[in-house]
Chemist: 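Below: one structure in structure tokens.
The first residue in the sequence is number 1, and the count goes up from there.
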Amino acid sequence: MADLDQLRAADNLQRAWRWVRSNPDASYKSYFRDLYGNFAVADDALLADLADRLKRGVYHPSGACKLFFPKASGILRPYSLLTVEDQIVYQAAVNLIADKLFPKVKHHYNIHVFGHLYAGKSSIWFYRKWSEGYKAFNDGARDAYADGFHYTASFDLTACYDSMDHHVLRYFLKRFGLDQEFCEKLSQWLEVWTATERGIFHHHGIPQGPLSSGLLAEVVLSHFDTLKQKGVDFRYFRYVDDIRLFAKNEKDLRILLVSLDLLSKDVGLFPQSSKISIKKIDDIEKELKSVSNPPEPAIKKKIVNQEKLIQRIVELTPRFIISDATRFKYLLAHAEPSAAMTNRLWRILEKHPEIYKSVCNYLRRYPKLPRVPAEKIIEIIRANTLYHAVQAEFISVADGRLPAQQDDILATYIRKQWSPGSAPPDLLAMAGKYLMRTGHLSARQIMYVCKSARSWWTRATLVGNVQSDQVGTATRDNIAQQGIKDTAPDVALAAGWKMFSEDVAVSSQKRQLNPSGAILLKEVGVIKRRTAGYCGIAHGLKKLDPKISSVKWKKLMGKNYAQAEKQAIEVAALSGTNITAFVNALDVFNELLLDSLFAADGAIGGYTLGKIGSSLTPTSRFAVKYPAIFALAKDVHDARYLSMYSHPRVGKTAKPTKKISYRFLGKARGLLKAAVSELNGAGF
């Protein structure tokens, strides 16, 4: 079978979609959580349509939304947001590459190569755990030192992802067994995804950000793993584009560095001379940088000693300069907000603007920001005109967390800077959300930016966040109506979900709708809603488990049906994107189910909507008559009690709430299957 045929095969596209959703990179996924959810509502139909377009040759990738983050050096790192369907196509292509590459490189895994290690077709995750690779890297370095290799050199590449030539990439892909048509098609897609927003197309570069790019880079970087030098005894370790050499003398290292330089010239990559160094090792542990080695005394398992943690952060930031960025970020991720910590972070941020995301994640742990840090955030937003990504992130942190006075001050400032025609996409999206919430944009301005913002990601984000209580029902409806016709699939899906979830009527003719938006509307029944037998509850539950039996849901749910239908579809969508939110959404569906069940069966007593806990007594008439439905309601409600989306602390233990493990999804499926079967048995 030709490689492009394998790429568009249903199982490969499904696997690609699974790996896109399971991407452990929270930073990248944070830009897509709602957009993944929109796609998940109709994913089977959307994937079938995508496969058909790939087969017919009419699939065309969208341009990437380019963001630019500050680096420690002061220059910018590009970050590429691809539409959800483009991420799936990219991942589907790289799935084939991974299967071809793996047999050629697996003997290097955790011996010479430690990053972006393919986990295999059956894995939930595309890559093996990075922490295991990092540990193996450190263990290998220790063994080398113990064996007498006391000299080390590092070899790093400049702008590795940006510099990767498509001709070189095709050369290696063909060597690994990919056919010509596949290689050319992937190159065409990469040109679109790496082009500038001005439409300047390059013949080099792979997009930074998407899950797939790490393994695609390995196709070329594996060339360095061929390093050999007659008569030189050495150890070689590579973690992505960071190469570490160990030898017994300085002369051997210089020979090896020249060999690596020649290998880099083979593939058109460029060594970063400022990071290439040779030295004798005095203490191997000082050469190793790892999150978990040695362990932090402030963090033991899941128990954090905040006093010790602050002391360690102070030790790692003498004169407010970070000595070990990896360890600093690890510790900061466990820090609870305090005045002392927050004040120190402002000083550190002045010298290290590249850590702004870690600082912002820390600030998000404030439910409401006190006046002093609120004023400091406004100061930072005003001062960082050079780094728009920093402004955007701090606006996001501030949104809904500032005291009223500072909230108005910031909104007034953002409104004065409002420039939808020239603002970068992330800054425009965050500013737009802020100004919509605070009422500083007119209906006309909101409609304009939702329709005309240059970036599809900005439009999709704003369309998805339009709220009728902020902008008015008429404005919301008009934005949804124009969004469903947007040329970008993610914008149309955001508009389609809003039309379904908020009962916005479709006024346009079907031929005017974006195909992806039309597919979603059809899947949820907005288009041809009255066609025979369509039931959103049954559809949503079948997506969770095809073996779940059918029930006459409309009859059972009665007045609750319309809300329960929307809730069931939301539950199905969240099952693949956010299991913590899935638990909360399923708990609400269960409330509607119990309200309807108690109304239909007067023998089990009465029920008050919103008081599900009072009905979850194991000895009640409800529990005795409907044990499977009782188990579903109780287990889900108990899980919700532990959810960080519900409460800050667990009432009985006073421990912090947390994210729900994905292991709960399998349990929830079983509970739902048994509960629906019980409803069937009872004649509903």
Side-chain angles (χ1 to χ4, degrees), residues 41-42 44 500-501 503 522-526 528-575 582-641 664-684:
V41 170
D44 289 339
F500 167 73
S501 61
D503 291 321
K522 186 176 181 181
E523 283 291 294
V524 298
V526 172
K528 294 185 179 178
R529 176 177 284 276
R530 292 179 182 153
T531 52
Y534 181 87
C535 174
I537 297 176
H539 181 78
L541 297 184
K542 289 283 186 185
K543 285 178 70 68
L544 288 173
D545 187 342
K547 295 181 180 179
I548 290 180
S549 55
S550 297
V551 170
K552 295 177 182 177
W553 288 108
K554 290 184 179 180
K555 183 177 179 181
L556 171 61
M557 288 296 192
K559 60 181 176 59
N560 290 328
Y561 178 79
Q563 184 180 357
E565 183 183 49
K566 294 174 185 176
Q567 198 69 24
I569 294 172
E570 179 77 351
V571 166
L574 290 169
S575 69
F582 162 86
V583 167
N584 286 59
L586 182 54
D587 189 64
V588 174
F589 175 82
N590 289 342
E591 282 231 44
L592 296 168
L593 172 59
L594 294 196
D595 187 55
S596 301
L597 180 62
F598 274 74
D601 187 348
I604 58 175
Y607 181 83
T608 302
L609 195 62
K611 302 287 185 180
I612 189 172
S614 62
S615 300
L616 299 181
T617 305
T619 57
S620 67
R621 285 175 285 168
F622 160 54
V624 172
K625 188 171 183 179
Y626 299 102
I629 301 171
F630 173 83
L632 168 68
K634 187 173 190 313
D635 286 10
V636 171
H637 193 65
D638 286 350
R640 178 191 173 279
Y641 191 63
F664 188 80
L665 180 58
K667 181 178 183 180
R669 284 172 174 154
L671 291 167
L672 277 164
K673 187 176 178 181
V676 175
S677 178
E678 192 171 72
L679 285 170
N680 260 317
F684 291 102

Chemist: Which heavy atom in Lys566 sits nearest to a heavy atom in Asp503, and how many Å separate them?
Modeler: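 Heavy-atom minimum between the residues: NZ-OD2, 2.8 Å.
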Chemist: Kindly indicate, with the supporting measurements, whether the criterion side chain to side chain contact (heavy atoms under 4.5 Å, CB included) is fulfilled by Tyr561 and Ile537.
Modeler: CA-CA 9 Å; Tyr561 178 79; Ile537 297 176; 3.7 Å; yes
Chemist: Shortest non-hydrogen contact from Glu591 to Lys611?
Modeler: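 In terms of heavy atoms, the two residues are closest at OE1-N, 3.8 Å.
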Chemist: Dump the intermediate steps for salt bridge (charged side-chain N to carboxylate O under 4.0 Å, His left out) on Asp595 and Lys559, then the final yes or no.
Modeler: CA-CA 10 Å; Asp595 187 55; Lys559 60 181 176 59; 3.3 Å; yes
Chemist: Any side-chain heavy atom of His637 sitting closer than 4.5 Å to one from Asn590?
Modeler: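 No - every pair of side-chain heavy atoms lies 4.5 Å or more apart.
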Chemist: Determine whether a donor-acceptor pair (N or O, by modelled atom type, separation under 3.5 Å) exists between the side chain of Ser596 and the backbone of Leu592.
Modeler: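 Yes: the side chain of Ser596 pairs with the backbone of Leu592.
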Chemist: Given side chain to side chain contact (heavy atoms under 4.5 Å, CB included), test Val551 with Asn680 step by step and report yes or no.
Modeler: CA-CA 6 Å; Val551 170; Asn680 260 317; 4.2 Å; yes
Chemist: Apply side chain to side chain contact (heavy atoms under 4.5 Å, CB included) to Val636 and Phe589, showing your working.
Modeler: CA-CA 10 Å; Val636 171; Phe589 175 82; over 6 Å; no
Chemist: For Ala674 and Ala628, work out which heavy atoms get closest and say how close.
Modeler: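 Taking Ala674 first and Ala628 second, the nearest heavy atoms are O-CB, 3.7 Å.
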Chemist: Measuring only between side-chain heavy atoms, which start at C-beta, is Val588 closer than 4.5 Å to Val571?
Modeler: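 Side-chain contact under 4.5 Å: no.
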Chemist: If every non-hydrogen atom of Ser550 is compared with every non-hydrogen atom of Lys542, which pair is closest and at what distance?
Modeler: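 Distance-wise, the nearest heavy atoms are OG-CE, 4.2 Å.
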Chemist: Would you compute the distance between atom CD of Gln563 and atom CE of Met557 and round it to the nearest 0.5 angstrom?
Modeler: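 Atom-to-atom, Gln563:CD and Met557:CE are 10.0 Å apart.
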Chemist: Compare all side-chain heavy atoms of Lys625 with those of Asp601 and state whether any distance is below 4.5 angstrom.
Modeler: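 Side chain of Lys625 against side chain of Asp601, heavy atoms only: contact under 4.5 Å found.
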Chemist: Would you say the side chain of Leu586 lies within less than 4.5 Å of the side chain of Leu672, judging by non-hydrogen atoms?
Modeler: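 Leu672 reaches Leu586 side chain to side chain.
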Chemist: What distance do Leu616 atom CG and Asp635 atom CG have between them, rounded to the nearest 0.5 Å?
Modeler: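 Reported value, rounded in 0.5 Å steps: 9.5 Å.
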Chemist: May I ask you to test the Leu597-Tyr607 pair for a side-chain heavy-atom distance under 4.5 Å?
Modeler: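 When only atoms from C-beta onward are counted, Tyr607 and Leu597 do not touch, as no gap falls below 4.5 Å.
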Chemist: Mind checking whether Glu678 and Pro627 have side chains closer than 4.5 Å, heavy atoms only?
Modeler: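 They are in contact (side-chain heavy atoms under 4.5 Å apart), so the answer is yes.
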Chemist: Take the angle between the ring planes of Tyr626 and Phe684 and call it parallel below 30°, perpendicular above 60°, tilted in between.
Modeler: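 Because their plane-to-plane angle lies in the 30° to 60° range, the rings of Tyr626 and Phe684 count as tilted.
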Chemist: So which atom in Lys543 and which in Val41 form the shortest heavy-atom distance, rounded to 0.1 Å?
Modeler: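 So the two residues come closest at CE-O, 3.7 Å.
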Chemist: Could you grab the distance from atom NZ of Lys554 to atom CG of Leu556, nearest 0.5 Å is fine?
Modeler: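 With rounding to 0.5 Å, NZ (Lys554) is 13.5 Å from CG (Leu556).
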Chemist: Please report the closest heavy-atom contact between Ser620 and Ser615, naming both atoms and the distance.
Modeler: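 For Ser620 and Ser615, the tightest heavy-atom pair comes out as OG-O, 4.1 Å.
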Chemist: Output the distance between atom CZ (Phe598) and atom OG1 (Thr608), rounded to the nearest 0.5 Å.
Modeler: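 Atom-to-atom, Phe598:CZ and Thr608:OG1 are 9.5 Å apart.
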Chemist: Quick check for you: to the nearest 0.5 Å, what is the distance between Arg640 atom CZ and Ile612 atom CD1?
Modeler: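 CD1 of Ile612 is found 9.0 Å from CZ of Arg640.
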Chemist: How long is the gap from CG on Asn584 to CD on Glu570, to the nearest 0.5 Å?
Modeler: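 If I round to the nearest 0.5 Å, the distance is 11.0 Å.
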Chemist: With a 4.5 Å cut-off on side-chain heavy atoms, are Leu593 and Trp553 touching?
Modeler: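 SC-SC contact between Trp553 and Leu593 confirmed.
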